[in-house]
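Working notes, structure below.
Counting starts at 1 for both ligands and their atoms, following the listed order. Since the model is a prediction, treat every value here as computed from it, not as a measurement. All residue numbers refer to positions in the sequence shown, counting from 1.
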Amino acid sequence: MKIFTSPQIRKCDAFTIENEPVTSLALMERAATACAGWLSRKFSGETVYNIFCGHGNNGGDGFALARLLYHKGCDVNVFMDSAQNLSADAEINFKRTKDISGIEFSDFSKVNKFQFEKESVIIDALFGTGLNNAIEGKSAELIKVLNELKFPKISIDIPSGLFADEVSDKNSVVFKADETLSFQFWKKAFLHAETGQFCGKINILDIGLSSEFIENEISDSFVIDEGLVREIYRPRQEFSHKGNFGKTVIAAGSSGKMGAAVLATQAALKTGSGLTFSLAPQCGYEILQTTCPEAMFLKCGQDFITSFEVDQDVILGIGPGLGTERETYNALLAFLKACDKTLVLDADALNVIAENTDHVNLIPKKSILTPHPKEFERLFGTTENSFERLNLAKDKAKQLEIYIVLKDHHTQIATPEGKVFYNLTGNSGMAKGGSGDVLLGILTSLLAQNYSVKEAALFGVWLHGKAGDFAAENHSKEAMIPSDLIAELGNVFKYLNSSQ
Ligand SMILES: NC(=O)C1=CN([C@@H]2O[C@H](COP(=O)(O)OP(=O)(O)OC[C@H]3O[C@@H](n4cnc5c(N)ncnc54)[C@H](OP(=O)(O)O)[C@@H]3O)[C@@H](O)[C@H]2O)[C@H](O)CC1
Ligand SMILES: [K+]
């Protein structure tokens with residue numbers, strides 16, 4: 001699914017209004033209807049909705065929502081700043097709502113202390129995508145008070161105070177939502193840590209904006225939705241043999257760090273690789289042969305890897321637990337100098353490359369790099385925030401013609417064509433040592449099975465996150481461990497196969 005900027009969303013509105021025949025007021029009604037439906041499914045009939053309306057169209061959504069909820073039989077209070085001039089559509093909805101005797105209107109700047117009923121919900125319809133500056137004055141004071149209240153908090157379209165496409169100033173006042181009901185599109189602000197922390201759970205509500213516009217408008221940012229994953233996934237053909245599913249080599253491990261090699265190798269096996277090999281030092285022989293009996297052992301060194309030489313017909317994933325021995329580093333640099341095939345590079349392999357700024361030029365084109373934020377910083381330099389980090393990743397992916405998988409709460413994949421794909425699966429239970437090793441195994445295995453590099457990157461990151469979500473359901477975010485992700489891969493493939 002494409003992600004649009006605020007100006008693009010405005011263009012989409014305007015196009016829809018011009019071409020669909022629908023008025024802007026009718027679009028506001030659709031938006032409010034979608035919100036009213038969601039809220040009445042979510043909360044009980046006893047709920048009292050306290051709707052805080054601004055003077056733009058976000059406030060207009062709020063006025064319309066108040067009317068619709070009231071007509072569903074709900075208790076509704078509206079709070080606004082009566083000193084402000086309303087936008088045209090907000091004004092119409094204000095007038096349609098204000099004469100309903102059962103809805104109480106108050107000026108929020110005149111309320112000394114909010115006295116909400118027990119079953120209250122706070123709705124933020126103060127500012128939406130039209131915000132052009134940090135919120136100050138009465139509205140800022142109001143948001144600070146609301147943020148302290150212990151009632152469920154819902155933002156309409158976007159939490160007030162956030163910009164859809166960029167980071168907000170650290171000190172700016174932002175409504176802190178438990179859930180955000182947003183219209184039609186994901187916004188970048190939902191997907192980055194600095195801004196996403198204010199959004200709670202995101203719910204994208206379809207309000208029927210023009211599919212023609214959505215199809216034709218160019219965007220370089222996308223979310224990896226399930227539709228995209230299903231287009232990529234190729235179920236296994238019945239008349240096939242192990243030779244059809246490629247050869248995966250996981251180059252990983254050193255004395256004391258063989259667990260990383262085990263996790264990556266097991267993940268490669270469980271993702272469907274035809275033949276899987278562990279390239280590891282002799283000290284890992286028994287460990288790997290015992291824990292991964294399906295994989296073959298390629299000995300390369302005693303306590304650490306001293307050579308990365310492999311056959312031409314394999315796909316190689318390098319990095320987990322390699323250690324910091326000079327000999328391993330030199331062997332990897334020598335190998336990279338001679339290699340022109342796609343590789344998957346993670347962990348210590350990235351640290352070898354980060355040692356010297358020229359080393360990035362040794363990365364074979366169309367390789368996949370999977371840095372966490374610190375590794376990314378070591379490789380490409382520091383940035384002020386995650387929006388800037390992503391921009392730098394985009395530049396580097398283009399310049400070096402590689403795929404950069406920036407591991408994060410919503411992992412981002414920057415491609416050589418300058419596109420960015422945000423992943424939506426995964427959870428904080430995966431923020432544990434070993435999760436990255438599993439991802440390397442999954443990605444290498446998919447490449448070996450002939451998925452294109454882009455397909456492997458998008459599908460692999462999604463699979464990894466989905467296995468994490470299944471593991472969290474079964475074990476809790478606290479107790480789940482990376483081995484549980486590997487165990488859940490089978491259920492993720494079953495899920496993809498059963499709901500084709
Ligand atoms: N397709 C859709 O998604 C639809 C969205 N809808 C809703 O419309 C809003 C966007 O509405 P808009 O009127 O453009 O913007 P806001 O409601 O956010 O209003 C902002 C108004 O406030 C002024 N402003 C901006 N920044 C500040 C500030 N820091 N302090 C005070 N005032 C500010 C601004 O006025 P300017 O003159 O300064 O530009 C705006 O008037 C969207 O988020 C959805 O909720 C439609 O209802 C349906 C289709
Ligand atoms: K809002």
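- At a cut-off of 3.4 Å, F175 does not coordinate the K ion (ligand 2) through any N, O or S atom.
- Under a 4.0 Å heavy-atom criterion, Q184 is not in contact with ligand 1.
- Protein heavy atoms come within 4.0 Å of atom 31 (C) of ligand 1.
- Residue contact annotation: N58 places an N/O/S atom under 3.4 Å from the K ion (ligand 2).
- Closest to atom 37 (O) of ligand 1 among all protein heavy atoms lies N132 ND2, 5.0 Å.
- If you look at A125 next to ligand 1, there are no close heavy atoms at all, none under 4.0 Å.
- In this structure, R230 is positioned above the aromatic face of Y495, its NZ or CZ under 6.0 Å from the six-membered ring centre and within 45° of the axis.
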Can you list the steps and then say if H464 with F459 is a ring-ring contact (aromatic ring centres under 6.0 Å, His included)?
-> CA-CA 9 Å; H464 183 243; F459 185 28; over 10 Å; no
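- Nearest to atom 3 (O) of ligand 1 by heavy atom, out of F163, F4, F183, F127, is F183.
- Annotation: atom 22 (O) of ligand 1 to nearest protein heavy atom, H55 NE2, 3.3 Å.
- For R10, no nitrogen or oxygen atom sits less than 3.5 Å from a nitrogen or oxygen atom of ligand 1, counting backbone and side chain alike.
- For residue I158, an N/O/S atom approaches the K ion (ligand 2) to within less than 3.4 Å.
- Partner S155 forms a side-chain hydrogen bond (donor to acceptor under 3.5 Å, both in side chains) with one of D178, T180, D124 and no other, that one being D124.
- Between the side chains of E488 and N474, at least one donor N or O sits under 3.5 Å from an acceptor N or O.
- Although no hydrogens or angles enter the test, the distance criterion places no donor-acceptor pair under 3.5 Å between the side chain of D408 and the main chain of H410.
- Atoms of ligand 1 found under 4.0 Å from any heavy atom of L209, numbered from 1 in the order shown, are 1 (N).
- For D157, every N, O or S atom stays at 3.4 Å or more from the K ion (ligand 2).
- Among the backbone and side-chain atoms of F127, an N/O/S atom is found under 3.4 Å from the K ion (ligand 2).
- Within a 4.0 Å radius of atom 35 (O) of ligand 1, the protein contributes no non-hydrogen atoms.
- The contact set between ligand 1 and G128, taken as ligand atoms under 4.0 Å from a residue heavy atom, comprises 16 (P), 17 (O), 18 (O), 43 (O).
- Using modelled atom types, no side-chain atom of S435 and backbone atom of A431 make a donor-acceptor pair closer than 3.5 Å.
- Stacking of K454 on the aromatic ring of Y403 is not recorded, the 6.0 Å distance cut-off and the 45° axial limit not both being met.
- Under the 6.0 Å cut-off for aromatic ring centres, F52 and F175 do not qualify, their centroids lying 6.0 Å or more apart.
- R96 forms no cation-pi arrangement with F63, by the criterion of a distance under 6.0 Å to the ring centre and an angle within 45° of the ring axis.
- Contacts between N58 and ligand 1, counted as non-hydrogen atom pairs separated by less than 4.0 Å, involve both the backbone and the side chain.
- Scanning all protein heavy atoms for the shortest distance to atom 7 (C) of ligand 1 gives D61 OD2, 3.1 Å.
- In this structure the side chain of N497 reaches within 4.5 angstrom of the side chain of Y233, judged on heavy atoms.
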